[in-house]
K.L.:
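Pasting a structure below so you can have a look.
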Amino acid sequence: MTKDEIAAALEEIGTLLELKGESSFRTLAYHNGARALSQYEGDFQELVSTGKIGEIRGVGASLAEKIQQLAETGELPQLTELRAAIPPGVIAMLKIPGVGPKKVKALSEDLKLTTIDELKAACEAGTVAKLKGFGAKTQAKILEGIQFLGTVGQRVRLDLALPLGEALLEQLKKLPGVIRAELCGSLRRRRETTKDIDILLSSDNPKPIMDAFVTLPEVMQVVANGETKSSIVAAMVVDREKIVLNADLRVVGDEHFPFALHYFTGSKDHNVRLRQRAIDQGLSLNEYGLKGEGRDVKCKTEADIFAALGLDYIPPELREDTGEIEAAEKKKLPKLITVKNLRGVFHNHSTYSDGNASLEEMALAAKKLGFEYFGIGDHSQSLKIAGGLSPADVKKQHREIDELNARLDGIQILKGIESDILDDGSLDYDDDILRSFDYVVASVHTGFNMSSEEMTARICKALAHQATTMLGHATGRLLLRREGYKVDLDQVLKAAAKHGKMIEINAHPIRLDLDWIHVKRAKAMGIPIVINPDAHSPGELALVEFGIDVARRGWLEADNVFNTKSLAEVLKELNRRKAAW
DNA sequence: GCCGTTTTCGGCCCGACTGTTTTCAGTCG
């Protein structure tokens with residue numbers, strides 16, 4: 001077993017033990033061990049062969065033995081037994097918001113429920129409410145949660161789906177007879193979540209390619225295996241999670257490739273509009289070609305298709321029928337930002353709060369990515385659970401930053417804070433301390449159940465505060481896990497514009513908040529956007545790439561994004577803001 | 001199950017919130 005597969009197995013044991021009612025400290029040890037293992041950057045095979053797995057911090061004698069066994073045999077009796085004792089449907093119940101291990105244990109043991117469907121039926125019959133510790137409200141909340149899961153379906157986050165899609169694509173590209181191959185669909189458009197993987201390739205000899213596709217190591221199940229289209233269920237461990245997705249492969253002759261690429265990239269709405277445009281010009285567009293009366297319009301690339309229809313090339317991220325065709329016609333498409341435009345980041349954490357690396361380690365990692373500046377934005381004092389900084393901690397951190405800036409070359413650390421927006425909309429320190437920061441990221445972490453009116457007023461008040469530089473994760477959503485708090489984002493955008501504040505695209509792939517639709521609105525209102533990784537470890541700094549995807553989907557150019565500016569320009573602007581306070 | 005220049009036993013980020021209770025359990029971040 002690979003390191004990541006073992007980490008996933010430990011994660012699974014931890015979860016299964018939770019459902020059996022094990023001590024939370026013991027189950028936490030499995031989850032911690034899994035994370036420690038997956039983040040280990042040295043040579044894992046060497047650790048296995050020399051029996052030194054226990055040297056990883058967070059892995060003790062017991063876990064080391066289990067890891068060793070999994071690495072050598074791929075099996076562990078403990079895991080096999082746990083899996084046999086707890087049905088997958090019971091584990092799935094954990095995904096219902098508001099339902100944790102204790103509730104699942106009661107539902108599965110006392111009511112003998114084994115699937116979400118059975119749970120739904122039990123709620124509708126009213127039997128759940130009669131269970132000790134449960135009640136009418138809990139029962140209603142569970143039903144609501146199940147409905148939420150239903151609307152989410154089996155979607156998978158971009159950062160988890162992409163590695164699986166790319167793994168399949170790379171293997172296909174190596175096969176003999178493949179001329180061109182690309183990911184299509186929502187993965188190519190870089191949507192936040194995806195429900196299947198679409199792959200297109202061109203070849204003159206599809207049969208052997210199809211046969212190879214349905215026997216790739218990631219294949220769990222073959223759904224269809226034809227000449228031009230095959231479907232599989234594919235699985236891969238990504239970031240300690242087992243990702244399962246449908247994957248479709250379509251093979252076309254190379255002369256059809258650009259048309260099929262455009263067709264299967266979508267979106268559907270974009271395609272409908274483009275086909276209509278073709279009809280208006282006396283042409284007909286489908287996945288096999290662009291045809292006029294008795295003639296084919298030859299196209300070698302997608303750009304040729306757009307050109308034939310009188311349009312500039314439209315990047316996949318913009319193909320949502322939100323005005324891109326009109327803009328392409330007028331040659332007014334944005335020159336989209338790329339990850340190379342970023343010169344620094346502002347919202348990151350260190351061991352001062354809930355990050356897992358020191359300030360210096362984080363700053364050096366930022367330098368390695370080519371950044372000129374690294375802004376720290378640890379949590380503020382009231383967020384105790386995340387190790388929020390007391391005023392004394394702030395002073396200590398600032399002294400360390402001064403010392404590091406004197407010592408380090410090629411990277412400047414900026415003194416920021418992620419200040420909680422308190423329930424009444426005020427910030428989390430008094431003005432004297434707030435003045436000691438170069439900038440303030442204001443974010444909501446508590447009181448998610450407020451009404452939309454209250455939450456909107458709360459955030460708008462924080463935006464009116466002179467110390468606030470930018471708004472962090474605007475809705476607090478966690479993709480496929482938790483809806484954001486209720487807030488009127490249009491009012492928030494108005495307040496940001498009025499007070500000259502920036503808004504963050506939180507690039508962490510579980511958030512991607514502000515979403516691309518509101519990013520586009522923010523751009524139209526002249527609000528500067530900041531792309532922040534919200535990194536809690538050095539490796540997470542690279543997550544900015546997912547923020548770039550959102551920015552591109554929101555039509556942003558480099559000029560619209562504050563952290564494309566040089567260190568000198570950034571300092572000048574931050575100082576200007578402080579001077580105006 | 002992990003960890004330790006105060007500990008090899010006894011802790012383990014901890015407080016808010018909700019819904020169930022009548023003093024607390026479960027969930028969340």
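Below, chains carry the letters A, B, ... as their sequence lines are ordered, and counting in each starts from 1. On a predicted model such as this, the values are computed, not experimentally measured, just so you know.
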K.L.:
Please pick, from B/dC3, B/dC2, B/dG29, the nucleotide with the shortest atom-to-atom distance to any side-chain atom of A/R57.
P.N.:
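The answer is B/dC3.
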
K.L.:
Just by protein heavy atoms under 4.0 Å, how would nucleotides 12-24 of chain B read 5' to 3' in B, S and -?
P.N.:
BBB--SSSS----

K.L.:
What distance, rounded to whole Å, do you find between the two C1' atoms, one in B/dG11 and one in B/dT7?
P.N.:
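It comes out at 10 Å once rounded to the nearest Å.
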
K.L.:
Considering only atom C1', compute the distance from B/dC12 to B/dC17 and round it to an integer number of Å.
P.N.:
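It comes out at 23 Å once rounded to the nearest Å.
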
K.L.:
How close or far is atom P of B/dG29 from atom CG of A/N506, stated in whole angstroms?
P.N.:
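Taking CG of A/N506 and P of B/dG29, I get 15 Å after rounding.
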
K.L.:
Using atom P in both nucleotides, what's the gap between B/dC2 and B/dT6 to the nearest angstrom?
P.N.:
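After rounding to an integer number of Å, I get 23 Å for this pair.
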
K.L.:
When the distance from CD of A/E22 to P of B/dC2 is rounded to whole Å, what number comes out?
P.N.:
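After rounding, the gap between these two atoms is 13 Å.
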
K.L.:
Expressed as a whole number of angstroms, how long is the span from A/F448:CZ to B/dT27:P?
P.N.:
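The distance from CZ of A/F448 to P of B/dT27 comes to 18 Å, rounded to the nearest Å.
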
K.L.:
Regarding A/S426 and A/D424, do their side chains bring together a donor and an acceptor under 3.5 Å, going by distance alone?
P.N.:
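Checked: A/S426/A/D424 side chains pair up, N/O donor to acceptor below 3.5 Å.
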
K.L.:
Could you let me know what B/dG4 is paired to, Watson-Crick or G-U wobble, both distances under 3.5 Å, or none if it's on its own?
P.N.:
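When the pairing criteria are applied, B/dC9 turns out to be the nucleotide that pairs with B/dG4.
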
K.L.:
Which of parallel (below 30°), tilted (30 to 60°) and perpendicular (above 60°) describes A/F437 and A/H398?
P.N.:
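Ring orientation of A/F437 relative to A/H398: perpendicular.
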
K.L.:
For B/dC3, take OP1 and OP2 only and decide whether either is under 4.0 Å from a side-chain N or O of A/R26.
P.N.:
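No, no such contact exists.
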
K.L.:
Can you check the distance between B/dT27 and B/dT20, where both ends of the measurement are the P atom (answer in whole Å)?
P.N.:
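Their P atoms lie roughly 13 Å apart.
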
K.L.:
Could you tell me whether A/E11 and A/R240 make a salt bridge, using a distance below 4.0 angstrom between a side-chain N and a carboxylate O?
P.N.:
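Yes, this pair counts.
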
K.L.:
Work out how far the P atom of B/dT8 is from that of B/dG15, and round it to whole angstrom.
P.N.:
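Per the computed distance, 27 Å lies between those P atoms.
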
K.L.:
Rounded to whole angstroms, how far apart are NE2 on A/H349 and C1' on B/dG29?
P.N.:
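So the NE2-C1' distance, A/H349 to B/dG29, works out to 13 Å.
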
K.L.:
Assign A/Y30 to base, sugar-phosphate, or nothing according to its heavy-atom contacts below 4.0 angstrom with the strands shown.
P.N.:
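The residue A/Y30 makes sugar-phosphate contact but no base contact.
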
K.L.:
On a whole-Å scale, what distance lies between the P atoms belonging to B/dC13 and B/dC3?
P.N.:
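The same atom, P, in both gives a distance of 13 Å.
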
K.L.:
Check the orientation of A/F448 and A/Y485. Use parallel for under 30°, tilted for 30 to 60°, and perpendicular for over 60°.
P.N.:
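It falls in the perpendicular class, over 60°.
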
K.L.:
Side chains of A/N506 and A/N532 only: does a donor on one sit below 3.5 Å from an acceptor on the other?
P.N.:
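There is no such pair between these side chains.
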
K.L.:
Taking the six-membered ring where the residue is Trp, are the ring centres of A/F374 and A/F346 under 6.0 Å apart?
P.N.:
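Between A/F346 and A/F374, which both carry aromatic rings, the centre distance is not below 6.0 Å.
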
K.L.:
Rounded to whole Å, please give me the gap between NZ in A/K95 and P in B/dT27.
P.N.:
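In whole Å, B/dT27 P and A/K95 NZ are 17 Å from each other.
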
K.L.:
Between A/R482 and B/dG29, is there a side-chain N or O to OP1/OP2 distance below 4.0 Å?
P.N.:
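Result: yes.
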
K.L.:
Between B/dC14 and B/dC9, how far apart are the P atoms? Round to whole Å, please.
P.N.:
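Here B/dC9 and B/dC14 have their P atoms 24 Å from each other.
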
K.L.:
Taking any heavy-atom pair under 4.0 Å as a contact, classify A/K105: base, sugar-phosphate, or nothing.
P.N.:
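The residue A/K105 makes no contact with any strand.
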
K.L.:
Nearest 0.5 Å please: distance from the CD1 atom of A/I376 over to the NZ atom of A/K415.
P.N.:
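Taking CD1 in A/I376 and NZ in A/K415, the distance rounds to 13.0 Å.
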
K.L.:
Could you work out the separation of B/dG26 and B/dT21 based on their P atoms and round it to a whole Å?
P.N.:
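Here B/dG26 and B/dT21 have their P atoms 12 Å from each other.
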
K.L.:
Between A/H445 and A/H379, does the ring centre distance come in under 6.0 Å?
P.N.:
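Yes; A/H379 has its ring centre under 6.0 Å from that of A/H445.
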
K.L.:
In whole angstroms, how far is the P atom of B/dT27 from the CE atom of A/M93?
P.N.:
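Going from A/M93 (CE) to B/dT27 (P), I get 13 Å.
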
K.L.:
Let me know, please, whether A/T27 or A/P97 comes out on the 5' side of the other along DNA chain B by nearest nucleotide.
P.N.:
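Upstream on the strand: A/T27.
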
K.L.:
Within this structure, what is the CD1-to-P distance between A/I56 and B/dG1, rounded to whole angstrom?
P.N.:
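Rounded to whole Å, this separation is 17 Å.
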
K.L.:
So if I take every side-chain heavy atom of A/A29 and compare against B/dG29, B/dT27, B/dG1, which nucleotide ends up nearest?
P.N.:
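Shortest atom-to-atom distance from the side chain points to B/dG1.
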
K.L.:
A/R477 CZ to B/dG29 C1': how many Å, rounded?
P.N.:
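My rounded result for the distance is 18 Å.
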
K.L.:
For the residue pair A/Q69 / A/E65, report whether a side-chain donor-acceptor contact shorter than 3.5 Å exists.
P.N.:
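Checked: A/E65/A/Q69 side chains show no N/O donor-acceptor pair below 3.5 Å.
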
